[in-house]
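So that the names make sense, note that chain A is the first sequence line, chain B the second, and so on, each numbered from 1. Values below: every heavy atom of this structure, side chains too, minus hydrogens, waters and symmetry copies.
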Number of protein chains: 2
Amino acid sequence: MARASTTSDAFNAVAEPRRREILSYLGETERPVGEIVAALRMGQPSVSKHLRVLRDVGLVRMRCQGRQKLYRTNAEAIRPLHEWAGTFERYWQHQLNRVKERAEAIVRHGSDVNPQELKEKK
Amino acid sequence: MARASTTSDAFNAVAEPRRREILSYLGETERPVGEIVAALRMGQPSVSKHLRVLRDVGLVRMRCQGRQKLYRTNAEAIRPLHEWAGTFERYWQHQLNRVKERAEAIVRHGSDVNPQELKEKK
DNA sequence: ACAATACATACCTATATGGGAATATGTCAA
DNA sequence: TTGACATATTCCCATATAGGTATGTATTGT
């Protein structure tokens, strides 16, 4: 089996750096394709194709205005990504807490704290 | 140019669903490969290969113990992902705020609020 | 030394990619 | 209608996958 299609979900779509750039560039501000091309210095067909992928997974919304098409990021579609990553938040918070506790201990008792006491607390 | 390597960064590594499963399954708990294979019902070589990718981008850490190798998720490496997605948080908060404001307005003035007033505020 | 165990890697194949160039489609203006 | 403009799509190609099967490599126990 080959790699999953880029259009299979937001995770795959967002794996491509240029697509992330596009999403960031368009905040939720509507912009025509040409503006993206100019701002991000990419080829026009390339941008069109990236936008196609993003649209397929709902990461951008599109609206026609005369001969141009206006795109904007649909932030809501990025949320699952944020939430998935967020499930690991508690782990790096442990890290932070350790650093914080250590700093506080130093403030209270001076810098001669036993490092072991803060390191392993299985 | 082809698609970027899965080992090029966390975004690409995490695009594959099975790799996300592995990361979630290992929280930061150390586990041998065989346990992953059994728990997630994947082929052993497949798991080994996924772990290789994850290791290459720092998403998991590995330690040898006799003939087995213990893996655990390195949550810190997921953080950039969480942060990138988080830059869009303000957009979906706007959504929430609108809903919330509307609800509060109804509580204050009854349900005859002018919907326009809450909808467009360019 | 040998067999068994726990992983890793090599090999194969179908499939999809992203970029560039060329071309198609659609819309406006004179 | 014709041409100019804004996008989308097609074609071409080098590259990389993910899964399965088979095999390689350490490490342990007897």
Side-chain angles (χ1 to χ4, degrees), chain A residues 1-23 25-26 29-73, chain B residues 1-23 25-26 29-73:
Chain A
M1 195 190 279
R3 220 201 287 206
S5 161
T6 54
T7 57
S8 52
D9 57 36
F11 285 93
N12 277 282
V14 153
E16 168 65 41
R18 325 307 300 268
R19 283 196 283 267
R20 261 174 281 149
E21 286 180 43
I22 292 176
L23 290 174
Y25 175 63
L26 306 172
T29 311
E30 279 189 331
R31 290 188 199 284
V33 178
E35 215 165 302
I36 306 176
V37 169
L40 305 186
R41 310 289 197 70
M42 312 192 207
Q44 175 264 310
S46 189
V47 169
S48 276
K49 279 181 283 187
H50 284 312
L51 287 170
R52 185 76 174 116
V53 171
L54 293 173
R55 209 152 82 81
D56 282 350
V57 296
L59 279 164
V60 299
R61 288 283 149 74
M62 191 260 269
R63 183 170 70 89
C64 294
Q65 188 191 54
R67 47 184 135 177
Q68 49 191 6
K69 321 219 171 173
L70 305 177
Y71 286 84
R72 66 180 177 76
T73 295
Chain B
M1 197 191 280
R3 222 204 284 208
S5 161
T6 54
T7 57
S8 53
D9 58 37
F11 285 93
N12 277 282
V14 152
E16 167 65 40
R18 326 304 302 267
R19 282 196 285 267
R20 262 175 282 148
E21 286 180 44
I22 292 176
L23 290 174
Y25 174 63
L26 306 172
T29 310
E30 280 189 331
R31 290 190 200 283
V33 179
E35 215 165 301
I36 307 175
V37 169
L40 305 186
R41 310 287 196 73
M42 313 193 207
Q44 175 265 309
S46 188
V47 168
S48 276
K49 278 181 282 187
H50 284 311
L51 287 171
R52 185 76 173 115
V53 171
L54 292 173
R55 210 153 82 81
D56 282 350
V57 297
L59 279 164
V60 299
R61 288 284 149 73
M62 190 261 268
R63 184 170 72 88
C64 294
Q65 188 191 55
R67 48 184 133 180
Q68 49 191 9
K69 320 222 171 171
L70 305 177
Y71 286 86
R72 66 181 178 76
T73 295

Asker: With a 4.5 Å limit on heavy-atom distance, are the side chains of A:Val53 and A:Arg19 in contact?
Answerer: yes

Asker: Give a yes/no on whether any side-chain N or O of A:Arg67 is located under 4.0 angstrom from OP1 or OP2 of C:dT25.
Answerer: no

Asker: Using atom CZ of B:Arg63 as one end and atom C1' of D:dA26 as the other, report the distance to the nearest whole Å.
Answerer: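 It works out to 17 Å between those atoms.
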
Asker: On DNA chain D, does the nearest nucleotide to B:Pro45 precede the nearest nucleotide to A:Arg55 from the 5' side, or the other way round? Give the residue.
Answerer: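 With B:Pro45 and A:Arg55 compared, the 5'-side residue is A:Arg55.
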
Asker: Please round to the nearest 0.5 Å and tell me the distance separating atom NZ of A:Lys69 and atom CD of A:Glu30.
Answerer: 14.0 Å

Asker: Would you state whether a donor and an acceptor, one from the side chain of A:Lys49 and one from the base of C:dG20, lie under 3.5 Å apart?
Answerer: yes

Asker: Got a second to check how far B:Arg61's CZ is from B:Leu70's CG, nearest 0.5 Å?
Answerer: 14.5 Å

Asker: If you assign each of A:Met1 and A:Thr7 to its closest nucleotide in DNA chain C, which residue comes earlier from the 5' end?
Answerer: A:Met1

Asker: Looking at every strand, decide which applies to A:Gln44 at a 4.0 Å heavy-atom threshold: base, sugar-phosphate, or nothing.
Answerer: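 Base contact.
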
Asker: Ring of A:Phe11, cation from B:Arg20 - is the NZ or CZ under 6.0 Å from the centre and inside 45° of the axis?
Answerer: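 Pair B:Arg20/A:Phe11 counts as cation-pi.
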
Asker: Where the side chain of A:Arg3 is concerned, which of D:dA8, D:dA16, D:dG19 is the nearest nucleotide?
Answerer: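 Among the listed nucleotides, the one closest to the side chain of A:Arg3 is D:dA16.
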
Asker: Please state whether the phosphate of C:dG19, meaning OP1 or OP2, lies under 4.0 angstrom from any side-chain nitrogen or oxygen of A:Ser46.
Answerer: yes

Asker: Does A:Arg19 reach a base, just sugar-phosphate, or nothing at all? Heavy atoms under 4.0 Å.
Answerer: sugar-phosphate

Asker: Can you see if the side chain of B:Arg18 gets near the phosphate of D:dA18 - specifically, an N or O under 4.0 Å from OP1 or OP2?
Answerer: no

Asker: Is any side-chain N or O of A:Ser48 closer than 4.0 Å to OP1 or OP2 of D:dT9?
Answerer: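 So the side-chain polar atoms of A:Ser48 never come under 4.0 Å of the phosphate oxygens OP1 or OP2 of D:dT9.
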
Asker: Does D:dT17 have OP1 or OP2 under 4.0 Å away from a side-chain N or O of B:Thr6?
Answerer: yes

Asker: Please work out if B:Pro32 contacts a base, only the sugar-phosphate, or nothing of the nucleic acid, heavy-atom cut-off 4.0 Å.
Answerer: sugar-phosphate

Asker: Within the pair B:Arg52 and C:dA8, is there a side-chain N or O less than 4.0 Å away from OP1 or OP2?
Answerer: no

Asker: So, OP1 or OP2 of D:dA6: does either fall under 4.0 Å of a side-chain N or O from A:Tyr71?
Answerer: no

Asker: Would B:Glu16 and A:Arg3 pass as an ion pair if we require N to O under 4.0 Å?
Answerer: no

Asker: Would you say a side-chain N or O of A:Gln68 is under 4.0 Å from OP1 or OP2 of D:dT7?
Answerer: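 It does, given that an N or O in the side chain of A:Gln68 lies less than 4.0 Å from OP1 or OP2 of D:dT7.
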
Asker: Nearest to the A:Val33 side chain among D:dG19, D:dA8, C:dC7, which nucleotide is it?
Answerer: D:dA8

